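The structure presented is a predicted model; accordingly, all values stated were derived computationally and were not measured. Numbers restart at 1 for each chain; the letters A, B, ... are given by sequence-line order, proteins then strands.
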Amino acid sequence: MLKVENVHFSYGDRPVLRGVSLSVEPGEVRVIFGPNGSGKSTLLRVVAGILRPDRGRIVIDGEDVTDRPPEDRRVGYVPQRPTLFPHLTVRGNITYSLRNGRGDPDRLDELVKLLGLEEHLDRRPDELSGGYQSRVALARALFSDPRVLLLDEPLSDVDPAAKRDLVRRFREVLDRAGVPTLYVTHDPWEAECVGDSYTVLLGGRAVDVDTVDEAIERLKRGAGLGEGA
Amino acid sequence: MIGRYELLGALFPPLFFLFIVFPLVVLALNLTPQGLAQALGDPYFWSATFNTILCAVAAAVMGVVIAVGFGYYHLFKRDSVIYRVADFLNDLPIALPHTVAGLALLLAFGRRYFWWLGENGLAFTLVAVTLAMLFVSYPLAARAVQAGLEEVGRDLVEVARTLGDSPAQAYARVVIPALREALLGGFLLGFSRSLSEFAAVIMFGGNLPGRTQVLASYVFTRVEAGDLEAAVAASVFCMVLSLVMVALTRSLTGAGGLRRAQG
């Protein structure tokens, strides 16, 4: 289980997260909505340990990891751009965590099959389309056997036609993984397909909502949280 | 009629050809068969060529190695005093007169502190020639790595760290391989800059024919001796070597890569 407790974070004098709290159960995919600059990516980077919060706690499976560096958190992270290691093949990218004793080599076949990467294992990232790069990035994060998964607009580079198939695949893979997942997207349809629960981030504060429509309504109003984004 | 805004563009071709291309063309036109035969038959010309290439390769390799270390600080320790000092001093060898650099090297690595290595310390040896070349060429390698890091992006490191890498592991396993082009560009630029170095080399390494003489000082010696034809032949050889290096750098790293490294 992932718990984010009263997290504050500022870039210099500019506060980005102001007391964000949320929790995600194992197997739950919580979609984070918010306008540009609302702190969605910052929140994911704080949970990953890339950024250190000014205040608050990050708790994973009951363990306070706030002071731990990213390498000690066992968090799977897919940044906005797929960011594959350019000198490694698809296979090398997916199994990268084996170098650090993480991941099970026997899981490779299953992940590759689920994400439709069988034909691409020996290719380099620059030979892949945006959609396939996203698949590899997700496979790499999952292969490392994470306790939490953080996906920051993982399908933003994918064209709409390919997205339909990919969203379904991603949902299936995430169901099987069964780890708490934070999923950032701007696309309501994508959110509806992959999400179990929804959080709107506005003005540095997080509000849980029940549906995608409610999230969009909140975003439109903006002032629902008492301030502009 | 040319407007004032078009004037700069119109002035470029004549100025460029007059001040940059014309001297090179004149040098090439002054090449004579006698001068060529004289230079190619001179054993000191060949030892100078050998010294130049050997020391320039060594300096460029050392420059890249140090630049890789600088890159680590650029990525992970940008707030440290060491990084700030290094970043500031990276431009110093470009601005500093190279005679001053040579004198500094002579005082630092000469007999005063390195008497135990010989009568003159490291001075007037091929090691001195290499260190002089390194001093003036390292900034180019450092800037090449710095420019490369801006392109590689921090995302690679961050992802590698979530997969279990420490900062040093992420740098070695992910960043350095992704910097191949920048490192190659840094090596070639450092090598090219080393080929052309004269002042720092002559101050610290000396100009001992057959021992520490390099092509740049060989040309100087031939001119001083009034042997202009041999000097021109050696100069044209240098020019061709430099053009080959520039062409190689551009073809391997792309013209954009070369500009990034220089900028």
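Around CZ of A:Arg99, the count of heavy atoms belonging to other residues, nucleotides or ligands within 6.0 Å exceeds 12. Within a 6.0 Å sphere centred on OH of A:Tyr11, other residues, nucleotides and ligands contribute more than 12 heavy atoms. Annotation for B:Tyr113: atom OH does not count as buried by contact number, only 12 or fewer foreign heavy atoms lying within 6.0 Å. Taking a 6.0 Å sphere around CD of A:Glu63, one finds it holds more than 12 heavy atoms contributed by other residues, nucleotides or ligands.
With a 4.5 Å cut-off on non-hydrogen atoms, A:Arg102 touches chain B through its side chain but not through its backbone. For A:Arg45, the part lying under 4.5 angstrom from a heavy atom of chain B is the side chain only. With a threshold of 4.5 angstrom between heavy atoms, A:Leu150 does not approach chain B through any atom at all.
Not counting sequence neighbours, A:Asp104 has no partner by the side chain to side chain donor-acceptor pair (under 3.5 Å) test.
The distance from the OG atom of B:Ser166 to the CG atom of A:Asp72 is 10.0 Å, given to the nearest 0.5 Å. To the nearest 0.5 Å, atoms CG (B:Asp155) and CG (A:Asp152) are separated by 9.0 Å.
Using a 4.5 Å heavy-atom threshold, the side chains of B:Thr162 and A:Arg73 count as separate. Between B:Glu158 and A:Pro70 there is no side-chain heavy-atom pair separated by less than 4.5 Å. Using a 4.5 Å cut-off on side-chain heavy atoms (C-beta onward), A:Ile50 and B:Arg154 make no contact.
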- [ ] Give the intermediate values and the outcome of side chain to side chain contact (heavy atoms under 4.5 Å, CB included) for residues A:Tyr96 and B:Val174.
- [x] CA-CA 10 Å; A:Tyr96 186 87; B:Val174 174; 3.3 Å; yes

TODO: Take A:Phe85 and B:Leu163 through the side chain to side chain contact (heavy atoms under 4.5 Å, CB included) test and state the conclusion after the steps.
DONE: CA-CA 12 Å; A:Phe85 304 137; B:Leu163 296 170; 4.0 Å; yes

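A donor-acceptor contact shorter than 3.5 Å links the side chain of A:His87 to the backbone of B:Arg173. For the pair B:Asp165 (side chain) and A:Glu71 (backbone), a donor-acceptor distance under 3.5 Å is absent.
Your options are B:Ala178, B:Ala160, B:Ala170, and the one with the most heavy-atom pairs under 4.5 Å with chain A is B:Ala160.
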